[in-house]
Every structure is written in structure tokens, then in C-alpha cells.
There are 2 protein chains.
Amino acid sequence: MEEYSEKQLAILKVAERLFADQGFHGTSVRDIAQEADVNIAMISYYFGSKDKLLETIFRYRMEASRKFINELLENNTLEPLEKINSLIDRFINKMLGEQYFQCIMSREQLNSQASPVRDLIWELKGEMLGLMQPIVTQAQEAGIFYKDVDVEMLMTTLFGTIHQVIPAQHILKKSAPATVTNDDEFREYVKTRVSTHLKKLFKAILTHEF
Amino acid sequence: MEEYSEKQLAILKVAERLFADQGFHGTSVRDIAQEADVNIAMISYYFGSKDKLLETIFRYRMEASRKFINELLENNTLEPLEKINSLIDRFINKMLGEQYFQCIMSREQLNSQASPVRDLIWELKGEMLGLMQPIVTQAQEAGIFYKDVDVEMLMTTLFGTIHQVIPAQHILKKSAPATVTNDDEFREYVKTRVSTHLKKLFKAILTHEF
DNA sequence: GTTTAAATTAAACGTTTGTTTAACTTTGCT
DNA sequence: AGCAAAGTTAAACAAACGTTTAATTTAAAC
């Protein structure tokens, strides 16, 4: 568990935003240094290289994701469907709370070349699947969930929907109700809209009830 | 309606693949020229610039997508659910048939900076929504589909799921049954798996039946 | 066969890229 | 105070970038 100085965190934060907005190769270390208000050489000095900087961002966020998964494993008192609903909400909160990083993930998972970053992504996705799989399977065996459900695809739908929503937000802004006036309200509006949609979807296909 | 020479098409094809695999900024015009077996200068000569080359790819694919949409509008004899199912299958076929381009779209839609390419993407997405919306609405008014469905979100789920499946294929390869031996069979396997999943999902939430 | 335009080439253009250097400043420790 | 390590800087580095140039070849028209 490494800790980062204020300056290092400033670089990481700026780099994450720029990588998300313009892509890794679309962002120069000079852009990052300027916006983070540090000398260009500091990036190599701290992180070794631009590639390593990206990897650092990934390891930093991934560590948090691991913690996140372990926290989810503790809720054992809930009913299966409530567990799923809680899981959906937590996923939405997590992913919309780190939108910049999710954008980078969206981009990097498309790279055809193998890389440490790409491996990390699919490793994490596997862990996420391993989180949902037993919940569904147990409920299926208890006769609460129906059996003709492709859990892997369901997880794909969960990720895919949220990953589509992130860049679609500037479109959703137009169809938002008039009660949404500031950014916080809009974030909440998006959250509940995605949440409501996904919960309905999961409930319908898992329990055949409404 | 422009037509392209063999050499121009070779450039477009190579560029599309490389942009998909490595990103726009991750691909140099020298890479493209080398793989397409043409002189570097030909790219500027034919398309003006690297940016214009990307835009050309987009306009080329978008034109096909428009035709695709218009074809879908003609099927009026089917039942609402059959219409939806047909639409799902056609979307899957279309998008998995032009995976390279879909990868580029996935990437480009994340760009925060406004650009002609980004505008084209959301324009097209709007048209896709306009295709599904009336089908659902009419069926809702006829009492065939339930009303508490967020069609915009459902479309997001459709796109999102397929866009997630594309980079996930090398993972799906591992969980494929032993009957899948070559690439064609695998493509078919992926198609039917996504299709089955999405149809179940749509049927469940739209009709409350199974 | 001559002429004109289009196609194609290798080379060079000026920038920008990520990274490193070497000098300098600050910090913390004894 | 004195010293060593860490932090910070402007400048320079070679390599790669997208694009253009000018010369040459090919093709088409008359």
C-alpha cells in the first residue's frame, strides 16, 4: 500500500481527467504537467514514464475496487432480490462516482494489444462476475430465481448500460425534467433513472415478477 | 454518394482496423500507409488529412447505417414483439459485422471535445431511438406492452451490451462449448448467446411473459 | 507523338512527442 | 553549521509525428 504526496496526487488526478477526455495517446505529458502545475520532469521522476503513470492510476483505482467488492460480500442478511438491488445501486454509485476512470477503462479495454493494464481490467471483471454469480446461483437453487438466465451476459448488460450512460449524459441533460436545475440534482436524476431501469430489468428476468 | 478507388478502399479498411485496435492517436499515418502498402503522401493526397480520413470512415459507415435503418422501417406485418426481436437480431448482426467501426465509435463517443465525428454519433443514436420508440409506444397503446418502460434506457442497454460484448470476446472464447472449433462457429455462438439474452430481457420487461 | 492531368514517389519540412541531463534549491539529520 | 538525500528546474535530446514539396511516372486525350 503506497501513499502519494500532494503533488503526486495532483498529477494523478489531472492525468486521469485528461486521459478520460482525450485518450491516453491524445494527452501529452506537457498537458498534464501544465494543468497540474508541475515541471514536466516530475512525471518521469515520480512515476517513471507516461505508461507507468497510467498503470499507477489503474492500480490506485483497482485497489479501491477490490475493497469495494469485499464490502459487498458482507451483506448476508438480505433477500436475494434485495441483494441484487443493493448491488446494482452500489455499482452505479461506484462507477458514476469515478466517471473519469470508467472512461479510461472503456477505452483501454478496446486495445487489441496485450498489456498489464488490459489484464487488470479483465481480472477485475472476473471478480465482479464472481460476486454476482453465487448470489444468483443460490437463489436459483432455492427456487427464488429462474434458471434460464445467462449471468455472465447479465453482468455484461449491467456494465454496458452504465458505460453507455456515462458519455450519454449530455444528451440526457436535454430530456431531464425542469425540476433538475443544478449539477448535483442532475447526477441524482441520472442515478435514479439508471437504477430504476436496471432494477426493473433484473427483477423481470430473475423473478418473473413486477 | 462518392465512390472510392481500390487503393482508397485499402487505406480506409486498414485505417479502420488500426484505429479500432490502437485508437486514433495511437495509430500513425506511417503505420496505415505501410499496412495498406501505399506511400505516406497518398493519405493526404486522397483524404486531405488524418482527421479527414477518420471523418471519411465515419461518413462511409454512417451512410450504410442510414440505409440499414430505412430497411428496418419497412417491416410492418410483424407483431410488436416479433418486430422487437427482429430489430435485436438485425442490430446484433450489423454491429458485430462491423466490429472495427463499432470500436472506433465506442472510443470517439468518449471524447469530451465537440467534433463533427461526435455529432454524427449522437445524431445516429437519436435515429436508432426514433426507430424503436414508435414500435414500443404503439404496442403500449394497444395494451400489448407494459407502460412503465424507459425506452431510451432500453436502447442504452441494447447498445451497451453489444458494445461490451465486442471487447469481451476473447474472454467468451474460454467459456465457449467444445462444439465451437473455428472462427465462424465462434461468431455464430456469440451472436446467438447475445441474441438469446437480449430477447429474453426485452420480452420480460415489455410483456411480463416468458 | 505530343500534351495535359492525375498518380506516385522519396525526401524534407517544422512540430511535437516522451525522456533525460545537469545544475540548482530545499529539506531533514547529526 | 555541514552534509547528504530528495525535490525541482530549464534546457536539451533523439525519435516520431502529420504534412508538404518537388521530381518522376503513369494514364488519358487529342
Side-chain angles (χ1 to χ4, degrees), chain A residues 1-60 104 107-108 111-118, chain B residues 2-60 104 107-108 111-113 115-118:
Chain A
M1 167 82 104
E2 306 155 64
E3 285 178 14
Y4 297 105
S5 69
E6 234 176 90
K7 233 165 206 177
Q8 284 173 314
L9 286 172
I11 294 172
L12 288 171
K13 193 177 170 184
V14 168
E16 187 179 52
R17 193 186 78 240
L18 293 182
F19 287 160
D21 284 346
Q22 318 173 354
F24 177 74
H25 292 291
T27 305
S28 73
V29 291
R30 279 171 180 80
D31 290 340
I32 299 170
Q34 191 176 355
E35 291 219 28
D37 201 34
V38 299
N39 190 281
I40 325 168
M42 297 309 288
I43 290 172
S44 294
Y45 180 72
Y46 278 138
F47 304 101
S49 68
K50 192 189 174 190
D51 287 87
K52 293 270 185 63
L53 172 60
L54 179 65
E55 212 178 309
T56 304
I57 293 172
F58 261 86
R59 297 197 183 280
Y60 184 79
I104 301 179
R107 287 197 143 101
E108 294 302 315
N111 288 356
S112 66
Q113 262 190 345
S115 72
V117 159
R118 210 190 64 167
Chain B
E2 307 154 61
E3 286 178 14
Y4 297 104
S5 70
E6 231 176 277
K7 233 165 207 180
Q8 285 172 312
L9 286 172
I11 294 171
L12 287 171
K13 194 178 170 184
V14 169
E16 187 179 53
R17 193 186 79 241
L18 293 182
F19 287 161
D21 284 346
Q22 318 173 354
F24 178 74
H25 292 291
T27 305
S28 73
V29 291
R30 281 173 178 80
D31 290 340
I32 299 170
Q34 191 176 355
E35 290 218 26
D37 201 34
V38 300
N39 190 281
I40 326 168
M42 297 308 288
I43 290 171
S44 294
Y45 180 72
Y46 278 140
F47 303 101
S49 68
K50 192 188 175 192
D51 286 87
K52 293 268 186 67
L53 173 59
L54 178 65
E55 210 177 310
T56 305
I57 293 173
F58 261 86
R59 296 197 182 282
Y60 185 80
I104 302 178
R107 286 198 143 100
E108 293 302 315
N111 287 357
S112 67
Q113 262 190 346
S115 72
V117 159
R118 209 190 65 166

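All chains are named by letter (A, B, ...) in the order of the sequence lines, taking the proteins before the strands, and each is independently numbered beginning at 1.
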As an exercise, state the distance from [atom1] of [X] to [atom2] of [Y], rounded to the nearest 0.5 Å.
{"X": "A/L9", "Y": "A/E16", "atom1": "CG", "atom2": "CD", "result": "11.0 Å"}
{"X": "B/M42", "Y": "B/K7", "atom1": "CE", "atom2": "NZ", "result": "6.0 Å"}
{"X": "A/Q22", "Y": "A/T27", "atom1": "CD", "atom2": "OG1", "result": "4.0 Å"}

* Determine whether A/L53 and A/I32 make a side-chain contact, defined as any pair of heavy atoms from C-beta on separated by less than 4.5 Å. =>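 Yes, side chains in contact.
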* Asked: Heavy-atom distance under 4.5 Å between the side chains of B/Y60 and B/Y4, does that happen here?
  ->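 B/Y60 reaches B/Y4 side chain to side chain.
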* **For A/A36 against A/I11, the heavy-atom pair lying closest together** =>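 Shortest heavy-atom separation between A/A36 and A/I11 comes out as CB-CA, 4.1 Å.
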* Asked: Taking only residues two or more places apart in sequence or in another chain, which ones pass side chain to side chain contact (heavy atoms under 4.5 Å, CB included) with A/S112?
  ->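 Here the qualifying residues are B/D21.
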* **Between the first and last five pairs of the helix from C/dG1-D/dC30 to C/dT30-D/dA1, the angle of the axes, rounded to 10 degrees** =>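 The angle, to the nearest 10 degrees, is 10°.
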* Asked: Contact class for B/Y46 (heavy atom, under 4.0 Å): base, sugar-phosphate, or nothing?
  ->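 Result for B/Y46 = sugar-phosphate.
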* To do: Could you pull out all residues at least two apart from A/R17 that satisfy salt bridge (Lys or Arg N to Asp or Glu O under 4.0 Å)?
  =>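 If we apply the salt bridge (Lys or Arg N to Asp or Glu O under 4.0 Å) test to A/R17, skipping adjacent residues, the hits are A/E35.
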* Sequence neighbours excluded, which residues qualify as salt bridge (Lys or Arg N to Asp or Glu O under 4.0 Å) partners of B/E55? ->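 Checked B/E55 against salt bridge (Lys or Arg N to Asp or Glu O under 4.0 Å); matches are B/R59.
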* Stretch residues 22-42 of chain A: residues that reach within less than 4.0 Å of DNA chain D through a heavy atom ->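 Contacting residues: A/R30, A/N39, A/A41, A/M42.
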* Asked: First and last nucleotide of DNA chain C in contact with chain B, 5' to 3', at under 4.0 Å to a heavy atom: what are they?
  ->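 Here the contact window of chain B covers C/dA6 to C/dA12.
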* **Within 45° cone and under 6.0 Å: B/K50 NZ/CZ vs B/F24 ring** =>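 Cation-pi check for B/K50 and B/F24: passes.
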